[in-house]
Amino acid sequence: MRDDQYLRMQALEEKLTEQFLTEADPVNWSGDGVLPKHMTQDERGDRYWCKKNAVATISLTIRIGSLLGMIQRRGETTPADGDPAAEGEGLLDAEIADAEREAKKMLTRLSRRGGAKVPSPDEP
């Protein structure tokens, strides 16, 4: 990823966080101050949509933050040789390494619960 793209993603993450804070505030939802039993069906539906929209915004923000974190862990925003294919491979390698670590953690937790010995991935 180029430096300018990385900086734009950081700015986007900040904008989305601000947007989420506005959307998640119940004062900004439909039917503010009205008890649910006094709401019309449309007001209840609009209120539900407001909540779902806030969740979608924070979900996107989290995904962008995860991508930025992965790039930071990798320690660079652009591949050393400037090859876009190398960048994709680097991201894929990082994702694979993260998934393998998570799988090892899960196997360890499962083996503790069940009492069964789970072979190490390094064992034949």
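If you read the sequence from its start, that first residue is 1, and numbering goes on from there.
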N/O donor-acceptor pairs under 3.5 Å from side chains in residues 47-60, not counting sequence neighbours:
{"unit_1": "R47", "atom_1": "NH1", "unit_2": "S30", "atom_2": "O", "d": "3.0"}
{"unit_1": "N53", "atom_1": "ND2", "unit_2": "E23", "atom_2": "OE2", "d": "3.3"}
{"unit_1": "T57", "atom_1": "OG1", "unit_2": "E23", "atom_2": "OE1", "d": "2.6"}
{"unit_1": "T57", "atom_1": "OG1", "unit_2": "N53", "atom_2": "O", "d": "3.0"}

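Remark: D42 engages no residue in a salt bridge (Lys or Arg N to Asp or Glu O under 4.0 Å) (not counting sequence neighbours). For Q41, the side chain to side chain contact (heavy atoms under 4.5 Å, CB included) criterion is met by R44, not counting sequence neighbours. Annotation: side chain to side chain contact (heavy atoms under 4.5 Å, CB included) contacts of L7 (sequence neighbours excluded): Q10. In this structure, the side chain to side chain contact (heavy atoms under 4.5 Å, CB included) partners of D25, at least two apart in sequence or on a different chain, are V27, N28.
Hydrophobic clustering (ILVMFWY, side-chain heavy atoms < 4.5 Å, transitive): M70 and L16 are in one cluster. Linking Ile, Leu, Val, Met, Phe, Trp and Tyr residues whenever their side-chain heavy atoms come within less than 4.5 Å places L67 and Y6 in a single cluster.
In this structure, the separation between CZ on R8 and CG on D3 is 12.5 Å, given to the nearest 0.5 Å. Taking OG1 of T61 as the start and CZ of R63 as the end, the distance is 11.5 Å to the nearest 0.5 Å. Summarising the geometry, atom CE belonging to M9 is positioned 5.5 Å from atom CD1 belonging to I64; distances are rounded to the nearest 0.5 Å.
Side-chain contacts under 4.5 Å among hydrophobic residues (ILVMFWY), followed directly or transitively, place W29 with no other residue at all.
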